[in-house]
Trainee: 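Quick one: the structure is below, questions incoming.
It should be emphasised that the depicted structure is a prediction, and the values quoted were computed from it without experimental measurement. Below, read A as the first sequence line, B as the second, and so on, with proteins coming before strands; counting in each chain starts at 1.
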Amino acid sequence: MVRYLVTSALPYANGPIHFGHVVGAYLPADVYVRTLRMHGEEVLYVCGADEHGVAITIGAERENRPYAEYVAHWRGVIKSTFDRLGIRFDVWSGTSISPNHAELSQDFFRRLDIGGYLLQREEEQLYCTTDARFLADRYIAGTCPNCGYPEARGDECPRCAKWLNPLDFADPRCKVCGSTPEKRKTRHWYLDLPKLRDEKLGEWAAAHEWKPNVATFVANQLKEVEPRPITRDMHWGVPVPEDRARGESGKVLYVWFDAPIGYVSFTRDWAEAHGAPDDWQKWWRSPDTRLVHFIGKDNIPFHCVVFPSMLWGVKQDYVLPWQVPANEFYNLEGRKFSTSQGWYVDLDEFFARYDADTARFYLLSSSPETKDSDFNWKDFQSANNVLLADTIGNLASRVLKFLEKYYEGKIPAVSAEHAAEFDRILLTECGAFADPGAALLDFRFRRGTEDLASNARVANVFVDRVAPWSLRKTDPERAGAALATCCEWLALLAQWMAPILPGKAQRLWTMLGNLGEVGEQRWPQLPVAGAWRRNLSGQRIGQVDVLFPKIEDAVIAAEIDALHKRAAATS
RNA sequence: GGCGGUGUAGCUCAGCUGGUUAGAGCGUCGGAAUCAUAAUCCGUAGGUCGGGGGUUCGAAUCCCUCCACCGCUACCA
């Protein structure tokens, strides 16, 4: 039987995450996982922080904190954002704390080496004697040999956009301490991607059915792959295994190499925590597993080429990715999110004022599935007020308040005759409805949010058409049956809402007088006349309250104003 | 430079392998209704589907080219 192993890109423990990260790799994954579970599928959702790499050591040193403490801090901050958004992983760990991670990463290295997929090369790099470390390209400044710009970065000149080699700088400078680095020779291991491609990956990737935006990209990547360095001279990270070090010391695995292995090591952590240490194998080494990586587009090469190469190259029967839903980028009001430039949404303030479910809904409804898109405050307000409050929330209010007022808060009976009549009207004469789950399982999250609104609209049309407020005076039984039909529909709506709006779905569920968790319901089939009602008649409804409060214009205006003021203040 | 993406009604976007009068939501305007969070429902608005060329009986949908915007180019989605 098929099972789904879902991962979200490991967030780098070097700062807070913003809505761009959330909408790119985490929220859609969470919604996907919830949807799968309601469909009765077996799912494991894995994530954790990526905690190695130079950027982290520099960040920590700037703050004068031990590396471990520094990454623990950001690991916690990031996790709390996920918690507030209702993004629930089955495992959340970190590459520096996972008890399995170092050993497993070394195991990958060892097996790749033994298999002949690693190369060793000697090269010159710039070494900062003050900081006692080799410098990554981006931490070197100098005068651009191409255009003479004095503040060029080691990887690229910001003025002439020329791709640079920092060894070509006449006046290299360490961007961290300002001193002049010296050239030193060092030996490093490289992953032989061309060989891996020729033996397996090329064929696999060509045969694989990628999403359209990923397919061409992968094909091009494979054409041009080159061996890629997988070690670095530093002390923060997973050490190169001694038995393969060949006399080299002071080297760790490059962060990109160990990071994706985190998916596997965290799964092992999870298995051990559940008292079944071998369980991870079922997820990673069974052909029945569908491995789904949620990532942003910048991660496509890793997840479609590099990591699969590693997984295959160790010859341990690891599964290769089944789908890699990659999103484009998400901006804020037309500009890139940038903490340093004050162009961001403070998530603590955000969640103090707004509902997490509303955020989930809006983020998905505006998510960058086919092209870059924006978080836009006015659109956020509109999504809440128009789609959630007016269309969905008000539907619940108008129906349930009516029942409270005239039917003693009980869902009325429906005769077979009335059921047939109202099924016909609701299902064939009130507009189109769709199964949002189908869209969600197809990674079309935007579409899923649209379906939700459309489905609520169908019931609004139904209410208007049947007009129970006047019918009640002439035929209260029929009016009651119409309202009961609406309750049945609301119960469906609550289930449809559950993956995207888990909290609100649950409230609607209990408002209808249902017990238990809506998220634990079996995903409903698309309603068919005569076979879709749960038969809620006689059930006492719960307390009816406003499902989605509106957001006032002034509140949004203040947000936009604050954003611009903050940006102006930092520039 | 290389590679990729996008350009459809005021706004945000759907339109798979080409086929009757190009669609939805929001907004606008008019009307109906009054159960409801002044919510809902109905109708309306006429966009040369970025420009040009080509293939075809027929293209928003395929090909070429040009323009514009965006991204990636491999350690922060």
Trainee: Which part of the nucleic acid, if any, lies within reach of A:Tyr26 when heavy atoms closer than 4.0 Å are counted: base, sugar-phosphate only, or nothing?
Mentor: nothing
Trainee: Contact class for A:Gly20 (heavy atom, under 4.0 Å): base, sugar-phosphate, or nothing?
Mentor: base
Trainee: By the 4.0 Å heavy-atom rule, please label A:Arg335 as base, sugar-phosphate, or nothing.
Mentor: nothing
Trainee: Scan A:Ile56 against the nucleic acid and name what it touches under 4.0 Å (heavy atoms): base, sugar-phosphate only, or nothing.
Mentor: nothing
Trainee: Please state whether the rings of A:His101 and A:Phe266 are parallel, tilted or perpendicular, taking 30° and 60° as the class boundaries.
Mentor: tilted
Trainee: Counting the atoms with a prime plus P, OP1 and OP2 as sugar-phosphate, which does A:Tyr254 contact under 4.0 Å by heavy atoms, base, sugar-phosphate, or nothing?
Mentor: base
Trainee: Any chance you could measure A:Leu27, atom CG, to A:Phe82, atom CZ, to the nearest 0.5 Å?
Mentor: 10.0 Å
Trainee: Could you state the atom-to-atom distance from NZ of A:Lys550 to P of B:rA38 in whole Å?
Mentor: 7 Å
Trainee: Would you mind telling me which of B:rA36, B:rC35, B:rG71 lies closest to the side-chain atoms of A:Phe329?
Mentor: B:rG71
Trainee: Does B:rC13 have its OP1 or OP2 closer than 4.0 Å to a side-chain nitrogen or oxygen of A:Arg446?
Mentor: yes
Trainee: May I ask you to check if A:Lys336 and A:Phe329 form a cation-pi contact, with NZ or CZ under 6.0 angstrom from the six-membered ring centre and within 45° of the axis?
Mentor: no
Trainee: At less than 4.0 Å, is any side-chain N or O atom of A:Lys405 found next to OP1 or OP2 of B:rA36? Yes or no.
Mentor: yes
Trainee: Please report the distance, rounded to the nearest Å, between NZ in A:Lys336 and C1' in B:rC69.
Mentor: 14 Å
Trainee: Would you mind reading off the distance between A:Glu328 atom CD and B:rG5 atom C1', rounded to a whole angstrom?
Mentor: 6 Å
Trainee: Hey, are A:Lys550 and A:Asp390 close enough for a salt bridge, meaning a charged N less than 4.0 Å from a carboxylate O?
Mentor: yes
Trainee: Looking only at the side chain of A:Arg447 (C-beta and beyond, no hydrogens), which of the listed nucleotides B:rC35, B:rA14, B:rU37 gets closest?
Mentor: B:rA14
Trainee: Taking the side chain of A:Val461 as its heavy atoms from C-beta onward, which of B:rU12, B:rA36, B:rC42 lies nearest to it?
Mentor: B:rC42
Trainee: Starting from P on B:rA77, measure out to CG on A:Leu347 and report it in whole angstrom.
Mentor: 17 Å
Trainee: For A:Arg398 and B:rU37, what is the distance between atoms CZ and C1' respectively, to the nearest whole Å?
Mentor: 12 Å
Trainee: Can you tell me which nucleotide in B:rU37, B:rA77, B:rA36 comes closest to the side chain of A:Ala25?
Mentor: B:rA77
Trainee: Picking from B:rU37, B:rA77, B:rC13, which would you name as closest to the side chain of A:Glu450?
Mentor: B:rC13
Trainee: A:Asp464 has a side chain; which of B:rA14, B:rC35, B:rC76 sits nearest to it?
Mentor: B:rC35
Trainee: Salt bridge check: are A:Arg65 and A:Glu63 linked by an N-O gap of less than 4.0 Å?
Mentor: yes
Trainee: Which one of A:Leu364, A:Asp451, A:Val31, A:Thr449 satisfies the side chain to side chain contact (heavy atoms under 4.5 Å, CB included) criterion with A:Leu440?
Mentor: A:Val31
Trainee: Starting at the 5' end of RNA chain B, which residue's closest nucleotide do you reach first, A:Leu395 or A:Val54?
Mentor: A:Leu395
Trainee: Have a look at A:Tyr330 and say if it touches a base, only the backbone sugar-phosphate, or nothing, with a 4.0 Å heavy-atom cut-off.
Mentor: base
Trainee: If you pin A:Val225 and A:Val23 to their nearest nucleotides in RNA chain B, which one's is more 5'?
Mentor: A:Val225
Trainee: Report the distance from atom CG of A:Asn331 to atom P of B:rU12, rounded to the nearest whole Å.
Mentor: 13 Å
Trainee: Charged N to carboxylate O below 4.0 Å: is that the case for A:Asp442 and A:Arg447?
Mentor: no
Trainee: Nearest to the side chain of A:Leu547 - B:rC13, B:rC35, B:rU37?
Mentor: B:rU37
Trainee: Generate the contact string for nucleotides 22-29 of chain B. Rules: B means base contact, S means sugar-phosphate contact only, - means no protein heavy atom under 4.0 Å.
Mentor: ---SSS--
Trainee: Using 30° and 60° as the class boundaries, would you call the ring planes of A:Trp256 and A:Phe302 parallel, tilted or perpendicular?
Mentor: tilted
Trainee: So what does A:Asn14 touch, heavy atoms closer than 4.0 Å: a base, only the sugar-phosphate, or nothing?
Mentor: nothing
Trainee: Is the aromatic ring centre of A:Trp469 closer than 5.5 Å to the centre of the six-membered base ring of B:rC35, with the two planes inclined by less than 30°?
Mentor: yes
Trainee: Between the base of B:rA36 and the side chain of A:Asn394, is there a donor-acceptor distance below 3.5 Å?
Mentor: yes
Trainee: Is the distance from the ring center of A:Tyr354 to that of A:Phe380 below 6.0 Å?
Mentor: yes
